[in-house]
Structure formats: C-alpha cells, structure tokens
Chemist: 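Starting off with a structure, shown below.
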Amino acid sequence: AMSPRPAPEIREAWLLAAQEEDAEAAGWCARLCEDLQGAEAFAASDGLDAFISVAMGQSVKGSGGLMVALAEALTMEMSEFKVAIFET
C-alpha cells in the first residue's frame with residue numbers, strides 16, 4: 001500500500017485535475033484511490049466532492065469528458081469502501 005499522501009499534495013493534484021482537466025493529475029488521483037488509505041485521504045481533502053461537482057457541471061453542459069468518467073469510477077470505488085467501512 002502507498003503511504004498516505006500529505007493533504008496539500010492531494011489538494012494540489014485534484015485542483016489541477018478539476019480546473020485544468022489535467023489527465024496526469026487525474027490519473028494520480030485515481031491511483032491514489034486504489035487503496036483505502038488513499039481513498040480516505042482523497043475524500044478528506046475534499047477531492048471527491050470537487051470531482052463530483054466538476055463532473056456534474058460537465059454533465060449538465062453535456063461535454064462528458066475526463067472528470068465525469070473519473071468521478072463515476074471513484075464514486076463506485078468509494079461506495080464499495082464506504083460499505084466496507086460501515087459494515088466493520
């Protein structure tokens with residue numbers, strides 16, 4: 001498992017992904033969320049909320065795109081994590 005990333009680093013990555021639609025930053029965030037610690041850190045830094053709101057905005061515009069796909073993937077992964085967290 002990756003060691004937990006510091007929140008400023010996570011925030012910087014998702015801001016870049018959300019505002020600039022930076023594919024590299026978005027990919028970094030997606031990889032971060034592949035384990036539970038990373039996903040929790042990502043959510044704690046408001047990254048998940050940001051991705052979802054950007055994705056919703058893009059969906060409204062009908063542009064779809066990177067953030068929509070990413071937010072959908074992360075939300076699916078996170079919901080599995082949440083189920084696991086609440087069941088323990």
Chemist: List the atom of A7, the atom of S45, and the distance in Å for their closest heavy-atom pair.
Modeler: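 Between these two residues, the closest heavy atoms are O-CB, 4.4 Å.
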Chemist: Taking all non-hydrogen atoms of both residues, which atom of F42 and which atom of I10 are closest, and how far apart?
Modeler: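 The answer is CD1-CG2, 3.8 Å.
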Chemist: Do D35 side-chain atoms and G38 backbone N/O form a donor-acceptor pair below 3.5 Å?
Modeler: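 At least one qualifying donor-acceptor pair exists.
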Chemist: Going from SG on C29 to CD on E34, what distance comes out if it is rounded to the nearest 0.5 angstrom?
Modeler: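 Reported to 0.5 Å precision, the distance equals 11.5 Å.
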Chemist: Any non-hydrogen side-chain atom of E9 less than 4.5 Å from a side-chain atom of W28?
Modeler: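 Yes, close enough: below the 4.5 Å cut-off.
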Chemist: Do L48 and W14 have side chains that approach each other closer than 4.5 Å (heavy atoms only, starting at C-beta)?
Modeler: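 Of all side-chain heavy-atom pairs linking W14 with L48, none is under 4.5 Å.
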Chemist: According to side-chain contact (heavy atoms from CB on, under 4.5 Å), who are the partners of E20, at least two apart in sequence or on a separate chain?
Modeler: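 L16, D22.
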Chemist: Applying side-chain contact (heavy atoms from CB on, under 4.5 Å), can you list everything that pairs with A26, at least two apart in sequence or on another chain?
Modeler: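 Applying side-chain contact (heavy atoms from CB on, under 4.5 Å) to A26 gives A17, L66, L70.
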